[in-house]
Number of protein chains: 2
Amino acid sequence: MATSAPRPDLLGLVFPLARALRRIEDDAAERHQLSMWQYAVLSVVAFRPGMNQLATAELLGYSRNRIVADLDLLEQRGLLTRRSGSDRRSNTLWITEDGSAVVAQVQRRIHVAEDELLADMPAADRRELQRLLASAATMATGTTAAD
Amino acid sequence: MATSAPRPDLLGLVFPLARALRRIEDDAAERHQLSMWQYAVLSVVAFRPGMNQLATAELLGYSRNRIVADLDLLEQRGLLTRRSGSDRRSNTLWITEDGSAVVAQVQRRIHVAEDELLADMPAADRRELQRLLASAATMATGTTAAD
DNA sequence: TATTGTTATACTCTATAACTATA
DNA sequence: TATAGTTATAGAGTATAACAATA
């Protein structure tokens with residue numbers, strides 16, 4: 001009589017993948033002297049320009065405190081700009097041409113590395129995994145932070 | 001003509017789920033005054049007893065340095081025991097009855113919380129997500145750390 | 001009074017190196 | 001010489017609180 005396999009904790013399945021993907025993003029961002037979070041912020045600004053700092057941080061599940069220093073660096077490098085809008089307390093964030101180029105380059109490298117990581121997974125499974133992860137992410141946050 | 005959606009970074013999909021699952025494990029472990037890693041170590045010892053410290057740490061993608069203090073605490077609480085085997089440099093790790101009970105309790109709570117988190121996902125999708133995550137985890141590590 | 005951005009501080013986590021005892 | 005376990009330390013990452021400017 002075969003005993004059924006014990007139910008695994010989902011984190012035990014997600015964690016190794018998350019760690020590998022984190023490493024991929026770290027490495028790709030580092031080639032442009034960016035941290036993973038700096039790249040993440042920049043890519044949100046690239047795909048959803050015009051939001052203020054707080055909304056950008058919250059979309060990423062990041063902190064309004066920590067985003068400040070990252071934006072300082074990104075702005076200093078000419079990858080984005082801060083503009084004060086009608087509400088003079090808040091800064092809206094706008095991507096620059098250089099910023100767009102950096103996001104595109106980093107993202108290209110990330111996608112190549114992702115494809116290598118999952119090379120042995122059939123394309124249909126990969127699409128299905130992506131769909132299910134997007135669905136789970138929505139349940140985990142109430143909204144999706146993926147662009 | 002509709003523009004196709006830009007390809008998302010997989011980390012952007014995995015991260016929110018991983019964070020939610022991490023929080024679930026933190027909370028469940030904390031009820032027994034354990035950290036997530038202490039619970040993870042204990043559960044490896046429960047399901048794969050007799051391994052030494054190094055092998056246990058490596059299975060988790062954890063550090064042989066950091067596992068020491070965790071094992072000190074777990075042993076002190078009577079949740080596991082260290083025994084020196086034939087090679088007197090290495091300690092094999094063994095679960096106790098109390099340890100098994102704690103793992104079972106924490107895991108039960110984790111599974112309840114996971115079910116709540118993914119309550120809106122059809123059961124078939126959840127099984128499929130689990131299967132695909134297990135497959136991806138294997139590719140990310142060369143072996144699966146899930147028990 | 002509440003909100004956005006900002007800064008400072010303390011705390012946790014993590015990585016690294018070095019030591020010991022065995023082999 | 002190499003390995004398992006252990007310890008100490010420095011660095012990175014994170015959370016929290018408080019302040020200024022504006023609403």
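Numbered from 1 within each chain, the chains take letters A, B, ... in sequence-line order.
Note: CD (B:Gln38) to P (C:dT12) measures 13 Å, nearest angstrom. Here C:dC13 presents its C1' atom at 17 Å from CG of B:Leu60, a figure rounded to the nearest Å. Rounded to an integer number of Å, the gap from CE of A:Met51 to P of C:dT4 is 13 Å.
B:Arg89 meets the salt bridge (Lys or Arg N to Asp or Glu O under 4.0 Å) test with B:Asp87; sequence neighbours excluded. For A:Asp27, there are no side-chain hydrogen bond (donor to acceptor under 3.5 Å, both in side chains) partners at least two apart in sequence or on another chain. For the side-chain hydrogen bond (donor to acceptor under 3.5 Å, both in side chains) test, no residue two or more places apart in sequence or in another chain qualifies with B:Asp98.
To the nearest 0.5 Å, the span separating CG on A:Leu21 from CZ on A:Arg23 amounts to 12.5 Å.
Contacts between residues 85-92 of chain A and DNA chain C, defined by a heavy-atom separation below 4.0 Å, involve A:Arg89, A:Ser90, A:Asn91, listed by number. Listed by residue number, A:Val68, A:Arg82 are the residues of residues 66-83 of chain A with a heavy-atom contact under 4.0 Å to DNA chain C.
Heavy-atom nearest nucleotides on DNA chain D were determined for B:Leu54 and for A:Arg22, and the one closer to the 5' end corresponds to B:Leu54.
Smallest separation of non-hydrogen atoms from A:Val103 and A:Ala46: CG2-CB, 4.1 Å.
B:Asn65 comes within 4.0 angstrom of a nucleotide base, judged by non-hydrogen atoms across all strands.
When each of B:Leu129, B:Leu118, B:Leu17 is tested with A:Leu10 by the rule side chain to side chain contact (heavy atoms under 4.5 Å, CB included), just one qualifies, namely B:Leu118.
A donor-acceptor pair under 3.5 Å is formed between the side chain of A:Asn52 and the backbone N or O of A:Ala55.
Remark: B:Arg109 CZ is loosely packed, at most 12 non-hydrogen atoms of other residues, nucleotides or ligands lying under 6.0 Å away. No more than 12 heavy atoms of other residues, nucleotides or ligands lie within 6.0 Å of CD in B:Glu30, so this atom counts as exposed by the packing criterion.
A 4.5 Å side-chain heavy-atom check between A:Met51 and A:Thr92 finds every atom pair outside the cut-off.
From the 5' end on, the contacts that DNA chain D makes with chain B at under 4.0 Å to a non-hydrogen atom open and close at D:dA2 to D:dT7.
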Start with the C-alpha gap between B:Asp115 and A:Arg7, add the side-chain angles, then the distance that decides, and say whether salt bridge (Lys or Arg N to Asp or Glu O under 4.0 Å) holds.
CA-CA 12 Å; B:Asp115 289 343; A:Arg7 172 174 170 176; 2.9 Å; yes
